[in-house]
Number of protein chains: 2
Amino acid sequence: MKKTKLGEFEELVLLTVAALQHDAYGVEIKRELETRLKEKLSVGSIQSALKRMEEKGFLTSAFGEATLKRGGKRKRIYHTTSHALKVLEEMRAIRADLWRSIPLTASDLKMI
Amino acid sequence: MKKTKLGEFEELVLLTVAALQHDAYGVEIKRELETRLKEKLSVGSIQSALKRMEEKGFLTSAFGEATLKRGGKRKRIYHTTSHALKVLEEMRAIRADLWRSIPLTASDLKMI
DNA sequence: ATTTTATTCTTAATTGCAGTAGATATCAAT
DNA sequence: ATTGATATCTACTGCAATTAAGAATAAAAT
């Protein structure tokens with residue numbers, strides 16, 4: 001693999017940040033990903049993935065504006081770097097190529 | 001992310017096994033994946049991923065027939081289980097949905 | 001028959017991602 | 001002041017990912 005490597009979970013978090021755009025902060029990313037994966041996630045796992053990816057240059061972050069909402073610490077809003085989008089696209093292409101080269105049988109298709 | 005328990009690298013190896021069909025043994029998987037990823041891999045990383053995935057029920061294995069080639073140990077041929085194909089398809093669907101929900105701008109597209 | 005070369009798998013040890021548990025911070029409502 | 005809701009941060013543990021060296025098998029060369 002690569003030096004600038006992305007883990008499986010990190011990739012999902014990164015894609016979610018890209019999808020959420022300006023609303024990409026820890027707790028909201030957690031909600032969105034829980035909906036999509038249909039399973040419970042811990043906030044900590046998201047936060048540590050975000051932190052790792054910021055250190056590796058996949059994300060930048062800045063504190064969000066104060067909201068009219070009830071309370072809580074200031075939101076840390078994340079944003080994908082162009083490098084992140086490149087890497088995501090590379091991985092998508094590699095997987096797409098692999099899928100295209102898999103000769104699926106009729107019985108395989110039934111199982112899926 | 002507890003349910004699937006399939007790592008980033010494991011998924012790539014698993015897809016390669018599915019693509020190679022009856023030729024899916026360690027060294028050949030290494031060659032194929034090196035070509036696709038355009039980077040060098042160690043044999044050990046492939047072998048340990050294969051072993052882990054067999055223990056987890058994603059793969060089965062059996063020794064291959066003798067060949068006309070020069071020498072070497074007996075090949076251990078791997079085969080994906082139906083469970084593996086299901087999990088792979090689930091992951092593909094989740095990523096595809098995420099990609100669909102990413103609003104790419106013109107400048108994003110240029111960078112990719 | 002012994003050595004060399006080619007091919008493949010195995011094991012041991014290290015690094016770093018994934019996930020848990022709990023602490024910390026902020027503000028509204030009671 | 002206490003409770004409840006919203007949010008981040010940190011320290012820790014398990015296991016996936018990777019490296020590096022070694023062991024096993026067998027054809028080909030000598």
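Here is the naming used below: chain letters follow the sequence lines, and residue numbers restart at 1 for every chain. The analysis underlying the following values was restricted to heavy atoms, covering all of them including side chains, and did not include hydrogens, waters or symmetry mates. Note that this is a predicted model, so its numbers are computed, not measured.
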E55(B) has an atom CD; how far is it from atom P of dG14(D), in whole Å?
18 Å
Between G7(A) and S45(B), whichever has its closest DNA chain C nucleotide further toward 5' is S45(B)
Separation of I29(B) atom CD1 from dC9(C) atom C1', in whole Å?
12 Å
Consider the side chain of S42(A), meaning its heavy atoms from C-beta on, and name the nucleotide among dA7(D), dG19(C), dC9(C) that approaches it most closely.
dG19(C)
How many Å lie between CD on Q47(B) and P on dA21(D), as a whole number?
18 Å
Using only side-chain N and O atoms of Y25(A), determine if any of them is under 4.0 Å from OP1 or OP2 of dT8(D).
no
Quick check: on DNA chain C, is the nucleotide nearest R31(B) upstream (toward 5') of the one nearest E11(A), or the reverse? Name the residue that is more 5'.
R31(B)
Suppose we call a contact any N or O donor and acceptor under 3.5 Å apart; does that hold for the side chain of R52(A) and the base of dA18(C)?
yes
In whole angstrom, what separates E32(A)'s CD from dA7(D)'s P?
15 Å
Rounding to a whole Å, what distance do you find between F9(A):CZ and dA17(D):P?
15 Å
Round to a whole Å and report the spacing from NZ of K5(B) to C1' of dC17(C).
17 Å
Round to the nearest Å and state the distance from K30(B) atom NZ to dT7(C) atom P.
12 Å
Under a plain distance cut-off of 3.5 Å, with no hydrogens placed, do R36(B) and S101(A) share a side-chain donor-acceptor pair?
yes
Less than 4.0 angstrom between a side-chain N/O of K75(A) and OP1 or OP2 of dA7(D), yes or no?
yes
Whole angstrom is fine here: how far is it from CZ in F63(B) over to P in dT7(C)?
19 Å
Taking all non-hydrogen atoms of both residues into account, name the closest pair between F58(A) and L14(A) and its distance.
O-CD1, 4.0 Å
Are any of K40(A)'s side-chain N or O atoms less than 4.0 Å away from OP1 or OP2 of dG19(C)?
no
Would you say R76(A) reaches dC9(D)'s phosphate, i.e. side-chain N/O to OP1/OP2 under 4.0 Å?
yes
Basic-acidic side-chain contact under 4.0 Å: R95(B), E11(B)
yes
Heavy atoms only, 4.0 Å cut-off, all strands: where does G44(B) land among base, sugar-phosphate and nothing?
base
Closest of dA18(C), dC9(D), dC9(C) to the E10(A) side chain is dA18(C)
Measuring only between side-chain heavy atoms, which start at C-beta, is I77(A) closer than 4.5 Å to D23(A)?
no
Is R74(B) positioned over the aromatic face of F63(B), cation under 6.0 angstrom from the ring centre and no more than 45 degrees off axis?
yes
Does K51(A) place a side-chain N or O at less than 4.0 Å from the phosphate oxygens OP1/OP2 of dT10(D)?
yes
